Amino acid sequence: MQGRNKTVYELCTAVRLFSDKLDVLEQSVRGSDYRFFPTVQKVMAMHADALLPCQSQFCDVLTELKQNYTSRFHDFKDHSNMFLLVKNPFLIEVNAMKQISDQLGLVQLQMEFVELKSSDELQRQFRITDVVDFWKLVGHLPNISRLARRIISMFPSTYRCEAAFSALSKIKCRNRNRLSLQHTTEVVSSAEPDFKSLVRQKECQKSH
């Protein structure tokens, strides 16, 4: 879940994957199958009679872990269809899109989704284009493209912040205290801010 160019829907996929693995582990232990725990499997082979009563405790640990994990990431499940919409809109059903539209209060979102999903050209572009670049092609669908951009721009982790502090700790030392932050910016992100666009959005404060 750490690293450059990670998106929130990739984080959601990783969370769901680990949750599914916990289910497999719990079911295996309940069935006295320790293939996923090689060390426990070896110990059980030598001391099966002594460790057999501990099987229920192993199951309880996995069950508690699954419950805690689910409670921490329950918001991801509530927004899973919204994240899937960005990752692959052609896998979303119309009924699921209606729920997203009602949740956000955007009536036109569902109609834009139907137009998107029915376009053979957009399906072709999706197969040959990066996800981020694909959503730049649907500017004629303002609501769904705005939603996609907002989800893509979410920070899924604190990686960039930690990378910035790590770079600063190496660059801004006693012997190199006059170096600029240009190197830090290159480490954290390669994105170029659109200063002209940002300035146009601000009102000039004239002196009285």
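Predicted model only: the values in this text are computed from it and were never measured.
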* Decide whether I92 and F90 are clustered together by the hydrophobic rule: side chain heavy atoms of Ile, Leu, Val, Met, Phe, Trp, Tyr closer than 4.5 Å, transitively. => yes
* Asked: Quick one: are K117 and P89 in side-chain contact, heavy atoms under 4.5 Å?
  -> no
* Asked: How far apart are the C-alpha atoms of D102 and K98, what are their side-chain angles, what is the distance that settles it, and do they pass the salt bridge (Lys or Arg N to Asp or Glu O under 4.0 Å) test?
  -> CA-CA 6 Å; D102 295 341; K98 181 179 183 302; 3.0 Å; yes
* **Step-by-step side-chain contact (heavy atoms from CB on, under 4.5 Å) determination, F113 to L141** => CA-CA 8 Å; F113 171 73; L141 305 173; over 6 Å; no
* Side-chain touch T63/R30, heavy atoms, less than 4.5 angstrom -> yes
* Do you know the tightest heavy-atom contact between F126 and K87? -> CZ-O, 3.1 Å
* Close side-chain approach of F58 to V61, heavy-atom, < 4.5 Å -> no
* **Side-chain heavy-atom pair K21, L17 within 4.5 angstrom cut-off** => yes
* Decide whether V94 and M111 are clustered together by the hydrophobic rule: side chain heavy atoms of Ile, Leu, Val, Met, Phe, Trp, Tyr closer than 4.5 Å, transitively. => no
* Check whether any side-chain N or O of E112 sits under 3.5 Å from a backbone N or O of I144 as a donor-acceptor pair, and report yes or no. => yes
* Asked: Which heavy-atom pair separates V86 from A148 by the least distance, and what is that distance?
  -> CG2-CA, 3.9 Å
* Gap separating the CD atom of Q27 from the SG atom of C59, nearest 0.5 angstrom -> 10.5 Å
* Treating Ile, Leu, Val, Met, Phe, Trp and Tyr as nodes and any side-chain heavy-atom pair under 4.5 angstrom as an edge, say whether M82 and L91 lie in one connected cluster. => yes
* Asked: Would a distance-only check, ignoring hydrogens and angles, find a side-chain to backbone donor-acceptor pair under 3.5 Å from S153 to R150?
  -> yes
* Donor-acceptor contact present, side-chain T129 to main-chain Q125, <3.5 Å -> yes
* Can you find a heavy atom in the side chain of E10 that is under 4.5 Å from one in the side chain of T13? -> no
* Asked: How long is the span from the CG atom in L25 to the CG atom in L65, to the nearest 0.5 Å?
  -> 9.0 Å
* Any chain of hydrophobic side-chain contacts (each under 4.5 Å) joining F83 to L104? -> yes
* Asked: Do the ring planes of Y69 and F73 sit parallel (below 30°), tilted (30 to 60°) or perpendicular (above 60°)?
  -> tilted
* Asked: Is V114 linked to L85 within one hydrophobic cluster, defined over Ile, Leu, Val, Met, Phe, Trp and Tyr using a side-chain heavy-atom separation of less than 4.5 Å?
  -> no
* Within a strict 4.5 Å, meaning less than it, do heavy atoms of the V24 and F36 side chains meet? -> yes
* Asked: Distance only, no hydrogens: is a donor on one side chain within 3.5 Å (strictly under) of an acceptor on the other, for Q103 and Q99?
  -> no
* Can you tell if the side chain of S145 reaches within under 4.5 Å of the side chain of F134, non-hydrogen atoms only? -> no
* Drop me the distance from R35's CZ to S28's OG, to the nearest 0.5 angstrom. => 6.5 Å
* Asked: Does W135 use its side chain to pair, donor to acceptor, with the backbone of R149 at less than 3.5 Å?
  -> no
* Asked: Quick one: are M97 and I100 in side-chain contact, heavy atoms under 4.5 Å?
  -> yes
* **E64 CD: over 12 foreign heavy atoms closer than 6.0 Å** => no
* Asked: Is any NZ, NE, NH1 or NH2 atom of the basic residue among R124 and D120 found under 4.0 Å from an Asp or Glu carboxylate oxygen of the other?
  -> no
